[in-house]
J.: 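One structure coming up, written as structure tokens, with questions to follow.
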There are 2 protein chains.
Amino acid sequence: MLPLTPAVFHILLALANGEKHGYGIMQEVESFTQGQVKMGPGTLYGSVKRMLTAGLIEESEERPDPALDDSRRRYYRLSSLGRRVLHAEAQRLSDLVTAARARHLLNEMP
Amino acid sequence: MLPLTPAVFHILLALANGEKHGYGIMQEVESFTQGQVKMGPGTLYGSVKRMLTAGLIEESEERPDPALDDSRRRYYRLSSLGRRVLHAEAQRLSDLVTAARARHLLNEMP
DNA sequence: ATGGATATATCCATTGCGGATATATTAGGG
DNA sequence: CCCTAATATATCCGCAATGGATATATCCAT
């Protein structure tokens with residue numbers, strides 16, 4: 001299942017903080033990457049559909065305070081599989097970063 | 001230009017240690033990832049061709065000691081652009097790892 | 001000399017990306 | 001109240017990347 005595509009990894013990472021709706025994921029990814037990664041709707045909703053099929057995420061039926069809600073929204077959360085996959089991918093990336101650091105390709109420890 | 005595909009990143013990382021030939025890159029990626037990432041010839045040579053076009057790598061004319069050489073081999077090295085791109089991608093990944101760690105998705109510092 | 005590993009190359013089906021487009025709803029200003 | 005912009009989801013489609021299959025040639029050890 002690994003490596004994950006950047007889109008899938010960003011979506012999982014955004015959901016690790018708690019459930020979110022599609023558009024919210026898009027915004028969080030853009031703000032997190034300071035606008036460097038702009039996920040268009042095709043990528044977002046296409047990825048979400050594939051991730052639902054793969055069992056990485058689940059649609060949540062819980063709605064927040066109706067005053068803050070929007071009836072159009074569909075909320076998603078990590079599945080336990082999704083959390084495990086995210087963990088494994090983060091570990092894989094961490095190993096890559098360590099290797100890059102060993103090759104003097106990075107500034108010192110964050 | 002970022003994010004890089006896993007194949008391109010692995011190739012750049014393998015070349016950061018010094019110039020290598022295609023097959024050697026394949027072996028290094030497989031051993032580095034403990035067999036988790038197996039880069040087939042289609043991916044390797046296809047990626048190399050694209051990376052030459054993009055100016056990330058250059059073919060090297062220098063041959064090692066003829067006793068250790070193999071006339072079929074084609075050696076590649078990082079270009080200065082390739083090194084800068086690799087640096088930027090490593091930094092990007094490092095930021096992702098930091099974010100993952102903040103979300104308690106990783107074991108402590110390596 | 002023969003076979004297996006080494007080495008490069010191309011083809012192609014499948015998949016993922018991402019811009020364009022469409023449509024509906026919500027919120028806010030005039 | 002109305003109109004617009006932002007929000008929100010969804011699909012289509014061209015393009016690029018992946019990776020297995022295939023092909024071919026060379027090197028090395030037995």
J.: Nearest to the A/Ser47 side chain among D/dT9, C/dC17, C/dA7, which nucleotide is it?
T.: C/dC17
J.: Looking at every strand, decide which applies to B/Lys38 at a 4.0 Å heavy-atom threshold: base, sugar-phosphate, or nothing.
T.: nothing
J.: Please report, rounded to the nearest Å, how far the P atom of C/dA7 is from the CE atom of B/Met39.
T.: 14 Å
J.: Could you identify the nucleotide paired to D/dT9, looking across every strand shown and requiring Watson-Crick or G-U wobble geometry with both distances under 3.5 Å?
T.: C/dA22
J.: Does A/Gly42 reach a base, just sugar-phosphate, or nothing at all? Heavy atoms under 4.0 Å.
T.: base
J.: Taking OH from B/Tyr76 and P from C/dA7, how many angstroms apart are they, rounded to a whole number?
T.: 13 Å
J.: Between B/Tyr45 and C/dT8, is there a contact of a side-chain N or O with OP1 or OP2 at under 4.0 Å?
T.: yes
J.: Consider the side chain of A/Arg72, meaning its heavy atoms from C-beta on, and name the nucleotide among D/dT7, D/dT26, C/dT6 that approaches it most closely.
T.: D/dT7
J.: Strictly below 4.0 Å: does A/Arg73 bring a side-chain N or O up to OP1 or OP2 of C/dT25?
T.: no
J.: Got a donor-acceptor contact below 3.5 angstrom from the A/Arg63 side chain to the A/Arg73 backbone?
T.: yes
J.: Might you point out which heavy atoms bring A/Ala16 and A/Leu86 nearest each other, and give the distance in Å?
T.: CB-CD2, 4.0 Å
J.: Rounding to a whole Å, what distance do you find between B/Leu68:CG and D/dC27:C1'?
T.: 14 Å
J.: Could you state the CG-P distance from B/Leu4 to C/dG16, rounded to the nearest angstrom?
T.: 20 Å
J.: Over how many whole Å does the gap from B/Leu44 atom CG to C/dT10 atom C1' extend?
T.: 13 Å
J.: So, the side chain of B/Thr98 versus the backbone of B/Ser94: is there a donor-acceptor pair under 3.5 Å, distance only?
T.: yes
J.: So, B/Tyr75 and B/Arg77: side-chain donor and acceptor under 3.5 Å apart, yes or no?
T.: no
J.: Choosing from D/dA25, D/dA8, C/dT8, which nucleotide comes nearest the side chain of B/Met26?
T.: C/dT8
J.: Please state how far atom NE2 in B/His21 lies from atom P in D/dC27, giving the value in whole angstrom units.
T.: 13 Å
J.: From the list C/dC17, D/dT11, D/dA8, which nucleotide is the closest neighbour of the side chain of A/Thr5?
T.: C/dC17
J.: Under 4.0 Å between a Lys/Arg side-chain N and an Asp/Glu carboxylate O for A/Lys38 and A/Glu30?
T.: no
J.: Looking at A/Thr43, does any N or O in its side chain come under 4.0 Å of the phosphate oxygens OP1/OP2 on C/dC17?
T.: no
J.: What is the separation between atom NE2 on B/His10 and atom C1' on D/dA17, rounded to the nearest whole Å?
T.: 15 Å
J.: Quick check: on DNA chain D, is the nucleotide nearest B/Gly46 upstream (toward 5') of the one nearest B/Pro41, or the reverse? Name the residue that is more 5'.
T.: B/Gly46
J.: Find which nucleotide of DNA chain C each of A/Asp70 and B/Pro3 is nearest to by heavy atoms, and output the residue with the more 5' nucleotide.
T.: B/Pro3
J.: What integer distance in Å separates B/Arg63:CZ from C/dA7:C1'?
T.: 11 Å
J.: Could you see if A/Leu44 belongs to whatever hydrophobic cluster contains A/Ile57? Use Ile, Leu, Val, Met, Phe, Trp, Tyr and a side-chain cutoff under 4.5 Å.
T.: yes
J.: Can you figure out which of D/dT9, C/dT6, C/dT25 approaches the side chain of A/Tyr23 most closely?
T.: D/dT9
J.: Quick one: is A/Arg50 getting a side-chain N or O under 4.0 Å of the C/dG16 phosphate, OP1 or OP2?
T.: yes
J.: Side-chain N or O of B/Lys49 versus OP1/OP2 of C/dT10: is the shortest distance under 4.0 Å?
T.: yes
